[in-house]
Novice: 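Structure in structure tokens, see below.
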Amino acid sequence: DTYINKSKEMMLDLSMWGTWRDQDYAPELYYSLDNMYLTYGVAIGYDILYDYLNDSERNIIQDAMVSKGLNPLYLFQTEQWDYFNDAPNYQIASTGALGYGVLSIYRENHPNESVWLNRTFESIQTILDSEGSDGGIHESYMYGAGFFSPYILELIGSLKNMGLSQ
């Protein structure tokens, strides 16, 4: 119970933050790696602790996930990102976070879930078409092993397990 309560407390505290990104780093962007890691972490925690959260706690965390995680990630990918001229690691990281974020609240039937899922599928396809399905990211091995494998390949498996793959 100690770990459950501490985890809930941390997720609720994060949900109260004004933003999930470093405002000093490229303030014109909707997204930063901070946003990706927080969205990914809260999504995993939300899914694991779902049965231990009351309705009020779920709503607070869902609202934060949408406003501070999913919406900024989606806007970044659709309005600010040029995959072929920018570093692919941001696309990989933001796609993983977007995908895990929407999967974590999928049972809530959010009205934008299909938009976020479709963008996740499009982005995965762009990544695989440009980088190859072997994880050999051109930027470096670390990005292939560190971002591609855990975020994209595991996400594809999760999507398939939920019957959501394309």
Side-chain angles (χ1 to χ4, degrees), residues 1-81 87-117 119-121 123-124 127 142-162 164:
D1 285 350
T2 302
Y3 292 114
I4 291 169
N5 291 333
K6 185 62 176 176
S7 297
K8 285 171 49 173
E9 177 186 331
M10 291 173 71
M11 285 194 307
L12 291 167
D13 286 348
L14 285 170
S15 297
M16 296 300 141
W17 286 12
T19 183
W20 284 356
R21 60 176 306 279
D22 180 358
Q23 294 296 308
D24 295 328
Y25 175 78
E28 72 281 2
L29 295 178
Y30 292 114
Y31 162 81
S32 70
L33 289 176
D34 309 354
N35 172 279
M36 182 276 299
Y37 284 118
L38 289 169
T39 303
Y40 180 74
V42 171
I44 298 296
Y46 183 80
D47 189 54
I48 290 171
L49 297 175
Y50 186 84
D51 292 334
Y52 298 97
L53 299 167
N54 63 41
D55 288 343
S56 175
E57 292 167 332
R58 287 182 188 142
N59 288 334
I60 290 168
I61 296 167
Q62 287 169 38
D63 289 347
M65 184 89 68
V66 169
S67 66
K68 297 170 180 116
L70 298 173
N71 284 339
L73 288 165
Y74 178 80
L75 290 171
F76 172 75
Q77 285 204 356
T78 58
E79 295 181 12
Q80 295 181 320
W81 190 252
N89 61 314
Y90 269 61
Q91 184 73 6
I92 292 168
S94 65
T95 298
L98 181 65
Y100 279 107
V102 70
L103 288 182
S104 73
I105 64 169
Y106 189 75
R107 71 190 106 201
E108 312 303 341
N109 297 311
H110 191 280
N112 288 342
E113 71 186 25
S114 63
V115 171
W116 296 324
L117 277 173
R119 179 58 197 174
T120 299
F121 291 129
S123 187
I124 288 171
I127 293 165
M142 194 280 296
Y143 287 114
F147 282 131
F148 185 82
S149 295
Y151 296 120
I152 302 304
L153 295 181
E154 291 174 13
L155 176 60
I156 291 170
S158 296
L159 292 165
K160 286 182 178 181
N161 285 339
M162 291 180 71
L164 300 172

Novice: Before you tell me yes or no, could you show the steps for L12 and E9 under side chain to side chain contact (heavy atoms under 4.5 Å, CB included), namely the whole-Å CA-CA distance, both residues' side-chain angles and the distance that decides it to 0.1 Å?
Specialist: CA-CA 5 Å; L12 291 167; E9 177 186 331; 6.0 Å; no
Novice: How far does CD of E57 sit from CG of L49, to the nearest 0.5 angstrom?
Specialist: 9.5 Å
Novice: To the nearest 0.5 angstrom, please state how far the CE atom of M36 sits from the CZ atom of F76.
Specialist: 11.0 Å
Novice: Nearest heavy-atom pair of Q62 and Y46: which atoms, and what distance?
Specialist: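 That would be NE2-OH, 2.7 Å.
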Novice: Please enumerate all residues that pass salt bridge (charged side-chain N to carboxylate O under 4.0 Å, His left out) together with E79, with sequence neighbours excluded.
Specialist: none
Novice: Could you check whether atom OH of Y50 has more than 12 heavy atoms from other residues, nucleotides or ligands sitting under 6.0 Å from it?
Specialist: yes
Novice: Applying salt bridge (charged side-chain N to carboxylate O under 4.0 Å, His left out), name anything that partners D47, two or more places apart in sequence or on another chain.
Specialist: R107
Novice: Just by modelled atom types, is the T120 backbone N or O under 3.5 Å from a matching donor or acceptor in the S123 side chain?
Specialist: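 Side chain of S123 to backbone of T120, a donor-acceptor pair under 3.5 Å: no, none is there.
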Novice: Do V66 and I105 come close enough that some side-chain heavy atom pair is under 4.5 Å?
Specialist: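 Heavy-atom side-chain distance check passes, below 4.5 Å.
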Novice: Give me the atom names and distance for the closest heavy-atom approach of M11 to V42.
Specialist: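 In terms of heavy atoms, the two residues are closest at SD-O, 3.8 Å.
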Novice: Can you list the steps and then say if Q80 with L75 is a side chain to side chain contact (heavy atoms under 4.5 Å, CB included)?
Specialist: CA-CA 7 Å; Q80 295 181 320; L75 290 171; over 6 Å; no
Novice: If you round to the nearest 0.5 Å, how far is OG of S15 from CE of M65?
Specialist: 8.0 Å
Novice: Can you tell me how far CD1 of I60 sits from NZ of K8, rounded to the nearest 0.5 angstrom?
Specialist: 11.0 Å
Novice: Listing request: all side-chain hydrogen bond (donor to acceptor under 3.5 Å, both in side chains) pairs with a residue in residues 64-77, at least two apart in sequence or in separate chains.
Specialist: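 Pairs touching residues 64-77 that pass the test: Q77-S94, Q77-T95, Q77-R119.
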Novice: Give the minimum heavy-atom separation between A97 and T39, together with the two atoms involved.
Specialist: O-CG2, 3.7 Å
Novice: If you compare all heavy atoms of L98 against all heavy atoms of W116, which two are closest, and at what distance to 0.1 Å?
Specialist: CD2-O, 3.9 Å
Novice: From Y52 OH over to N5 CG, what is the distance, rounded to the nearest 0.5 angstrom?
Specialist: 10.5 Å
Novice: Side-chain contact, heavy-atom cut-off 4.5 Å: L38 with L14?
Specialist: yes
Novice: State the CG-CH2 distance between D34 and W17, to the nearest 0.5 angstrom.
Specialist: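 It is 8.5 Å, given to the nearest 0.5 Å.
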Novice: Measure the shortest side-chain to side-chain distance between M10 and D13 over non-hydrogen atoms and say whether it is less than 4.5 angstrom.
Specialist: no
